[in-house]
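We count ligands from 1, going down the list as the structure has it; atoms in each ligand are counted the same way. The shown structure was predicted, so the numbers you read here are calculated from the model rather than taken from an experiment.
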Amino acid sequence: MKLWDRRFKDRKEDPLLEKFNSSIEEDFFLFGAEIEASRAYARALNRAGVIDDDELKRILTGLDRVVQRVRSGVDAKKFEDVHTLVEALLIEEIGETGKKLHTGRSRNEQVVTDEKIWLRGKVIYLIDLLVDLQRTVISVAEEYFDVIFPGYTHLQQAQPVLFSHYIMGLFWALERDKNRLLFSLREIMKLPLGSGALAGSTLDIDRRELAKSLGFREPSENSMDAVSDRSFILDVLYAVSMIALDLSRYSEDFIVFSSREFRFFELSDSISTSSSLMPQKKNPDFFELIRGKAGKFLSYFQSLYVTLKGLPMTYNKDLQEDKIPLFNAITEIGELIVVFKKCLEGIRPVEEEILSRMDTFMLATDLVDYLVDRGVPFREAHGIVGEIVYMAHKEGKELAELSLDEFKKYSEAFEEDVFRVFDFRKSVERKRTYGSTNPDRVREQIERARNLVSK
Ligand code: ARG
């Protein structure tokens, strides 16, 4: 079914070429948006004096009937795209008046309008999912607030922290992800409709009014830019790929830290799987799948980016290829967030195991601080403790196992109270700065986090 078939006299339909040109299988998800935009456009035509009240009424009821027909099942495949489908069915339903709906309108502006209508709802939905996940992060942090945890750099034990501090790191990553989505909404909320094919419309359409009626903030500023712009989709695809990246990073931690070598986390049975061969296995499949699926979100971004980068102004059929990355990314990331949330609820830090893996070398920096407090310049103190660490390793001892005499060989500043340094909890409490792992700071951090998600 073509809207433009009278342009040609002897055009033969080649089924393969027709199918290649068509996008109905990829853009049918825009059906609801197409109906919404068509209703608003019909009203704008009425306000502009192009159709009278009676014609408007007929178009609106016609569009309702199109919705019913599609619900009860039509052979959508015979239409070139979702825009063609709606207009053709409308004409089938109400005849001549239906042919007026497309006055001054182009599919070039329809497609990008529909995408924005669809996307704004989805972006808000994703933001809700992120907030939900953030709330889960807060409750996990609160449940295990006091558990001591080894902080790593280079995957080598670095300094002790609170588990709650460690897990709250995810909260702030998600907060940035949320802000990226919010940023994308600013452009999404500019309405392209009324831009025509590229140059604008000769009709007296009040685009500001049209934008308002469709729930957009304002009309787009430049008709040529409006029909060629897909950067708002790239913004969302980037934001989505960053969500995947953040979920993947923490998934990696949960996978590694639940292995037998670490045993920091016990995974509940419902978020674990086993093996068809090895009966003892308890596998973290869900976290692995999140980590595994994360990469493809970047490929969605990349494929659209490459589609756009060489395009001349303005609309080009290449743009039809934006549907698959858009639709897949949005639906798949929603699933990823929900699965991750369920799995996060199923992890339990096991403090005895964690503490049994932490040695007092993690407090070497605290030992440096001890000397600094007693007037030794930092670089000197750092060097002294470096030598002590070297010696302790050589003798197969932990820092806390050295005697005061041994300490004193390296600096006279060491006193009996040096042994008070070797306490993980005290180490955490000695941190003072805003944003640090000090329990009071973490409590304040959680309070600020809670305010951010309570609105
Ligand atoms: N199916 C097309 C797309 O998704 C709609 C726009 C078609 N415009 C055109 N001039 N052929 O991009």
Side-chain angles (χ1 to χ4, degrees), residues 1-8 11 13-38 40-41 66 70 74-91 99 101-120 122 187-188 191-202 214 220 222-234 236-237 300 303-331:
M1 166 71 208
K2 302 281 173 311
L3 298 173
W4 40 260
D5 50 5
R6 284 155 79 183
R7 164 66 180 79
F8 302 104
R11 189 174 184 277
E13 294 224 332
D14 177 324
L16 187 71
L17 296 189
E18 297 311 315
K19 189 169 184 324
F20 192 75
N21 190 44
S22 131
S23 58
I24 190 75
E25 282 176 64
E26 290 103 57
D27 65 23
F28 189 73
F29 71 95
L30 297 173
F31 177 74
E34 176 68 20
I35 293 287
E36 197 179 332
S38 293
Y41 191 71
V66 171
V70 166
V74 285
D75 179 18
K77 286 207 181 77
K78 62 178 198 230
F79 301 98
E80 187 183 327
D81 56 25
V82 70
H83 325 289
T84 311
L85 170 128
V86 170
E87 191 185 334
L89 290 182
L90 178 70
I91 294 168
K99 295 182 178 172
L101 175 62
H102 206 59
T103 318
R105 191 175 71 158
S106 161
R107 282 183 294 160
N108 300 353
E109 54 178 342
Q110 277 171 271
V111 61
V112 61
T113 296
D114 292 355
E115 287 175 331
K116 286 188 169 187
I117 291 175
W118 183 80
L119 200 45
R120 62 184 182 188
K122 294 294 174 190
E187 281 301 316
I188 292 173
L191 176 71
L193 200 58
S195 296
L198 77 162
S201 168
T202 54
L214 269 170
S220 55
N222 179 307
S223 57
M224 296 180 77
D225 177 49
V227 297
S228 55
D229 177 40
R230 297 294 184 276
S231 64
F232 65 96
I233 302 180
L234 280 184
V236 173
L237 294 182
Y300 295 142
S303 93
L304 181 59
Y305 180 97
V306 176
T307 299
L308 298 183
K309 75 170 266 297
L311 289 187
M313 289 287 272
T314 55
Y315 178 84
N316 301 274
K317 191 77 170 206
D318 313 46
L319 291 173
Q320 184 160 288
E321 294 300 306
D322 64 354
K323 310 294 177 308
I324 290 177
L326 171 63
F327 182 80
N328 288 2
I330 296 290
T331 39

At what distance is the nearest protein heavy atom to [atom], and which residue and atom is it?
atom                    : result
atom 6 (C) of ligand 1  : Tyr315 OH, 3.4 Å
atom 4 (O) of ligand 1  : Lys323 NZ, 2.6 Å
atom 10 (N) of ligand 1 : Asn108 OD1, 2.9 Å
atom 11 (N) of ligand 1 : Arg107 NH2, 3.6 Å

| Under a 4.0 Å heavy-atom limit, does Glu80 contact ligand 1 with its side chain, its backbone, both, or neither? | neither
[X] atom [atom1], neighbour heavy-atom count above 12 within 6.0 Å:
X      : atom1 : value
Phe8   : CZ    : yes
Arg11  : CZ    : yes
Lys317 : NZ    : yes

| request: Before giving the answer on salt bridge (charged side-chain N to carboxylate O under 4.0 Å, His left out), spell out for Glu115 and Lys323 the whole-Å C-alpha distance, their side-chain angles and the decisive distance to 0.1 Å. | output: CA-CA 9 Å; Glu115 287 175 331; Lys323 310 294 177 308; 3.8 Å; yes
Taking 4.0 angstrom as the limit and counting only heavy atoms of [X], give me the atoms of ligand 1 inside it, by number and element.
X      : answer
Ser23  : 1 (N)
Asp81  : 1 (N), 2 (C), 5 (C)
Gln320 : 1 (N), 2 (C), 3 (C), 4 (O), 12 (O)

| message | Working note: Lys2 + Glu18, criterion salt bridge (charged side-chain N to carboxylate O under 4.0 Å, His left out); need CA distance, chi angles, decisive distance, verdict. | response | CA-CA 10 Å; Lys2 302 281 173 311; Glu18 297 311 315; 2.8 Å; yes
| Full working for salt bridge (charged side-chain N to carboxylate O under 4.0 Å, His left out) between Glu80 and Arg107 | CA-CA 11 Å; Glu80 187 183 327; Arg107 282 183 294 160; 3.1 Å; yes
